[in-house]
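Whatever order the structure lists ligands and atoms in, that order sets their numbers, starting from 1.
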Amino acid sequence: MNVYDSDRMSDALAPKGFEASTTPDGADLIILNTCHIREKAAEKVYSELGRLRALKEERLKAGRPLTIGVAGCVAQAEGEEMLSRAPVVDFVVGPQAYHRLPQLVERARDGERPVETDFPTEDKFEHLPQATKQVTLKRGPAAFLTVQEGCDKFCTFCVVPYTRGAETSRPMAHLLDEARALVDAGVREITLLGQNVNAWHGEDAGGTASNLGKLLFALAEIDGVDRLRYTTSHPRDMHGELFAAHRDLDKVMPYLHLPVQAGSDRILKAMNRQHTADEYRALVDKLRDARPDIALSGDFIVGFPGETDEDFEATLQLVRDVGYAQAYSFKYSQRPGTPAATHDVQVEEDVKAERLARLQALLNDQARAFNATMVGRTMDVLLDRKGKRAGQLAGRSPYLQAVHLDAPDALQGHIVPVRIDAAHANSLSGSLLHGDAAATPATAVPELPVA
Ligand code: 5AD
Ligand code: SF4
């Protein structure tokens with residue numbers, strides 16, 4: 001989401017003559033794209049701003065002023081407050097106002113310190129790229145497409161419903177137009193984005209609410225769309241047509257990020273997740289019935305208020321039962337304004353740290369074992385970038401693993417069959433299969449360790 005948002009900011013500023021720079025040194029404008037999801041991420045913004053203060057002063061002396069803006073969810077949550085807490089900041093802009101960046105930068109350069117954090121009211125999607133604009137922007141063969149924004153789930157630990165606002169879905173026709181425009185620009189793989197993506201219920205051509213399964217079927221009809229993914233999903237919104245899409249559409253990649261957060265029913269209830277651990281297990285079984293080679297990724301929180309050793313054991317058990325290809329896990333972080341933050345029984349920091357280490361050891365074992373099952377297999381890889389060495393390209397497997405191989409530059413942007421030779425900590429390496437050797441898709445769920 002943040003990568004996509006940063007791209008949106010660059011796109012909004014390109015007509016003003018701005019180009020993205022890889023370092024702050026020569027830049028005339030620096031925008032921090034910030035995350036509010038955990039305290040650590042939010043606090044980073046202020047240490048980063050502290051560092052930028054020196055650079056700004058230096059620049060002023062050298063007669064080449066530097067403009068500094070803060071964007072993203074910390075900007076959205078703190079608004080005006082940021083200006084007083086960090087005098088170095090010239091403007092503040094929330095995620096739903098990036099289309100206004102050119103004016104904001106101008107006003108900031110004129111000495112005003114504008115703050116723009118209103119949610120759009122009339123056209124809810126005016127801040128998103130429109131199909132016609134996207135076609136000129138070539139960022140490689142894999143692209144994001146925002147289908148839905150905001151979240152109405154109100155998990156008790158989470159700030160997203162406050163920083164990103166209420167759930168809104170873009171109409172199907174807009175999305176199909178944008179997908180076609182992306183294909184015209186050379187895109188082969190589209191990842192549908194949304195804070196709660198599988199709650200998408202945009203209008204279809206007849207004006208009735210559709211669903212994500214139907215959208216996937218419609219997108220798969222477009223020639224040139226070769227791979228489809230969607231993220232991030234909530235277990236409560238996995239419905240019949242989505243299972244059918246996984247079962248019937250080869251273009252839907254056999255990999256799904258389906259966060260469960262915890263394995264204890266008591267904690268799931270306190271988190272307001274609206275499902276039990278067994279309901280999640282049943283969903284995973286149903287997905288694997290629909291698509292036996294599907295691999296799962298997840299998010300976990302340890303140390304939610306009131307979490308006991310027994311609750312935490314239930315999380316470990318769920319992880320063992322499901323078997324994840326990859327996962328993110330976090331210590332619970334108290335977020336201002338969320339119901340869980342004021343809970344009287346907060347878990348001690350050292351208990352959280354110990355639980356996180358145990359969970360991560362298990363998840364890492366599973367990820368390593370999953371990657372190891374790839375060795376010797378042939379899989380389709382979308383070559384989307386140059387590799388580290390000359391003569392090397394890198395790409396992504398159906399399971400989003402990074403794959404490195406020797407291949408001619410001309411193959412960049414293509415999907416090619418690759419034999420996997422080795423699995424490393426965070427990537428795979430392989431060899432290009434020449435001739436017309438077809439990729440053999442995986443047919444079975446890889447064996448995962450039961451630790
Ligand atoms: N503390 C820790 N992790 C959190 N997440 C969301 N809110 C919090 C919080 N307060 C995690 C969840 C979510 C992911 C994006 O971030 O696991 O799925
Ligand atoms: Fe946050 Fe996801 Fe829950 Fe929405 S569904 S409140 S984004 S954790």
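Using bins of under 30°, 30° to 60° and over 60° for the plane-to-plane angle, the ring pair His246/Tyr230 lands in the tilted bin.
Aromatic ring centres of Phe370 and Tyr324 lie farther apart than the 6.0 Å criterion allows.
Ligand 1 has a nitrogen or oxygen under 3.5 angstrom from a nitrogen or oxygen of Asp299.
Taking 2.8 Å as the limit, the number of protein N, O or S atoms around atom 4 (Fe) of ligand 2 is 1.
The closest approach between a heavy atom of Arg273 and any atom of ligand 2 is below 4.0 Å. The closest approach between any non-hydrogen atom of Lys331 and ligand 1 is below 4.0 Å.
Applying the salt bridge (charged side-chain N to carboxylate O under 4.0 Å, His left out) definition to pairs two or more places apart or across chains, those involving residues 188-212 are Arg188-Asp226, Glu189-Arg227, Glu189-Arg229, Glu189-Arg396.
Here is the list of ligand 1 atoms found below 4.0 Å of a heavy atom in Gln261: 12 (C), 13 (C), 17 (O), 18 (O). For ligand 1, the atoms sitting less than 4.0 Å from at least one non-hydrogen atom of Arg38 are 1 (N), 2 (C), 3 (N), 4 (C), 5 (N), 11 (C), 16 (O), numbered in the order shown with element in parentheses.
The closest non-hydrogen atom to atom 7 (N) of ligand 1, taken over Tyr328, Phe157, Phe300, comes from Phe157.
Here Phe330 has side-chain heavy atoms under 4.0 Å from ligand 1, and that is the only part of it that gets that close.
With no hydrogens or angles considered, no side-chain donor-acceptor pair links Asp299 and Gln261 at under 3.5 Å.
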